[in-house]
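Values reported hereafter were calculated over all heavy atoms of this structure, with side chains retained and with hydrogens, waters and symmetry mates removed. Residue numbering restarts at 1 for every chain, and letters A, B, ... go by the order of the sequence lines. On a predicted model such as this, the values are computed, not experimentally measured, just so you know.
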Number of protein chains: 2
Amino acid sequence: MKKSQTEEKLLETTLRLISEKGYLGTTTREIAREAGVTELTLFRHFGSKEKLFEKVLKRYTFLPKLKEILPELERLPYDDVLRILGIGFFETLKERKSLVKIMLSEINIYPDKIRIIYNGFIDELIKTLADYLSFLQKRDILRPFSPGIATRAFLGMIFSYFMAEEIMGGRIISKRKIEKIIGEFVNITIHGTLKKSTLKVTEADNECNSNL
Amino acid sequence: MKKSQTEEKLLETTLRLISEKGYLGTTTREIAREAGVTELTLFRHFGSKEKLFEKVLKRYTFLPKLKEILPELERLPYDDVLRILGIGFFETLKERKSLVKIMLSEINIYPDKIRIIYNGFIDELIKTLADYLSFLQKRDILRPFSPGIATRAFLGMIFSYFMAEEIMGGRIISKRKIEKIIGEFVNITIHGTLKKSTLKVTEADNECNSNL
DNA sequence: CATAAATGTAAGTACTTACTAACAATAAAT
DNA sequence: ATTTATTGTTAGTAAGTACTTACATTTATG
């Protein structure tokens with residue numbers, strides 16, 4: 001077999017096994033067997049278990065596709081932007097579920113390696129969406145609030161739902177269902193961030209929360 | 001030393017070490033040494049490493065205190081209820097940070113043991129808050145939406161923030177800062193769930209989201 | 001003080017781990 | 001077809017793991 005093919009198979013297998021059983025819970029013998037090669041081949045290609053792990057993290061990093069599609073979205077209505085971004089975020093998490101699992105379980109043992117991936121994905125996404133919210137604020141469409149925190153609120157709803165269902169619950173959520181859920185999340189976020197005048201609101205609605 | 005004191009020390013030490021280095025990354029030798037006893041003492045008390053781990057999970061389970069305080073809150077204004085519950089939720093996560101770390105890193109290896117804890121805490125909290133939202137909907141204070149999903153949205157914001165900062169970021173968030181952040185989360189949730197008429201809104205605000 | 005409960009010491013077992021050495025067999029490239 | 005790159009086989013090492021046994025020592029309690 002060609003060198004690159006063998007390495008590819010080993011990387012795949014390592015990603016899967018470590019996401020299922022953890023770094024320490026996965027043995028090099030097992031990886032090699034599941035990849036259909038000898039343990040020695042594994043070491044000839046990657047030198048050590050830890051180097052193999054590092055290559056896995058580099059190879060299966062998140063794609064920055066969400067950041068790329070946002071500029072095209074800026075002419076769509078607010079709720080469509082949130083919906084498309086939200087669904088894209090969830091689908092990315094689902095595609096990279098194995099990587100997410102590894103990040104969660106190995107963050108304490110390899111914080112540096114994991115944080116590089118985490119920041120490269122989340123920070124940029126937050127910044128992009130926050131800039132968009134900030135833009136809508138300046139156009140007086142959204143009420144005043146911290147765009148960074150609102151972004152984290154919206155993405156946080158989705159991430160927590162993913163965590164609860166797909167990671168902790170071990171369930172696989174259908175596309176239809178997640179679209180419905182994210183639709184509700186979008187509604188809450190829209191009503192929660194739109195300027196009241198945009199909602200055709202009268203004045204003196206500051207105490208609206210206290211009269212219950 | 002008294003039996004109970006030794007066991008207590010061992011349980012504490014196990015919680016801390018496993019939360020830092022994972023179940024497989026923590027050796028019984030190390031636990032015993034850090035607890036100031038012999039490895040043999042550990043086995044005499046708990047029989048096996050796994051049984052010790054189970055006792056740790058049982059002992060340091062989340063307290064259901066949030067559920068208990070909610071009935072007293074029902075006469076407070078909506079925003080105060082959310083704020084108090086949100087801060088309480090975050091503080092609980094922070095207090096049990098070690099347990100949260102263990103749950104995240106061992107969910108794949110011991111899904112049954114972990115899910116018992118997870119469900120015992122989260123499910124009940126969601127149900128309680130969702131019932132409260134449902135109650136406000138029936139009194140026509142909140143607009144129609146799924147109470148369960150809205151609850152998960154609100155708690156999800158907070159949980160994700162906790163994950164991002166305290167777990168992935170390794171930062172410790174001050175009480176002052178988290179109160180400010182949760183204040184923003186509460187604002188979004190309130191505006192996102194209150195009935196428009198409560199916001200003194202005119203009719204025909206259905207298309208408000210599409211005219212951007 | 002005396003009895004019993006708890007802990008320590010030390011040695012060891014059976015097993016698993018990441019990783020290596022020497023040599024033979026196979027597949028790919030020229 | 002022949003060289004070269006890649007893999008397999010087999011055996012092994014040194015270290016670490018959870019856990020045990022037998023016996024001595026300490027500590028708490030009545």
Position toward the 5' end of DNA chain C (nearest nucleotide), E7(B) or K49(A):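 Closest to the 5' end, via its nearest nucleotide, is E7(B).
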R44(A) vs Q5(A), nearer the 5' end of DNA chain C by closest nucleotide: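 Going by which nucleotide is closer to the 5' end, it is R44(A).
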First encountered from the 5' end of DNA chain D, between L40(B) and R29(A):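 This one resolves to R29(A).
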Would you mind classifying the nucleic acid contact of [X] as base, sugar-phosphate or nothing, using non-hydrogen atoms under 4.0 angstrom?
X	value
T41(A)	sugar-phosphate
S4(A)	nothing
T27(A)	sugar-phosphate
G36(B)	sugar-phosphate

Aromatic ring pairing F62(B)/F121(B), orientation class (parallel under 30°, perpendicular over 60°, tilted between):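 Ring orientation, 0 to 90° scale: parallel.
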Heavy-atom donor-acceptor pair, S134(A) side chain to A130(A) backbone, under 3.5 Å: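 Absent.
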Neighbour count above 12 (heavy atom, 6.0 Å) for K97(B) NZ: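 Yes - once you tally the heavy atoms of other residues, nucleotides and ligands closer than 6.0 Å, there are more than 12.
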Positional range of nucleotides in DNA chain C within the contact set of chain A, heavy-atom, under 4.0 Å: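 From 5' to 3', the first and last contacting nucleotides are dT17(C) to dA27(C).
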Test: K113(B) and E50(B) ion pair at under 4.0 Å: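 The answer is yes: the pair qualifies as a salt bridge.
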Reference residue E7(B); test side chain to side chain donor-acceptor pair (under 3.5 Å); the match among R59(B), K55(B), H45(B):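 The residue from R59(B), K55(B), H45(B) that satisfies side chain to side chain donor-acceptor pair (under 3.5 Å) with E7(B) turns out to be H45(B).
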Phosphate OP1/OP2 of dT6(D): any H45(A) side-chain N/O under 4.0 Å: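 No, H45(A) has no side-chain N/O under 4.0 Å of OP1/OP2 on dT6(D).
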F185(A) ring center near F154(A) ring center (under 6.0 Å):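 For F185(A) and F154(A), the ring centres are not under 6.0 Å apart.
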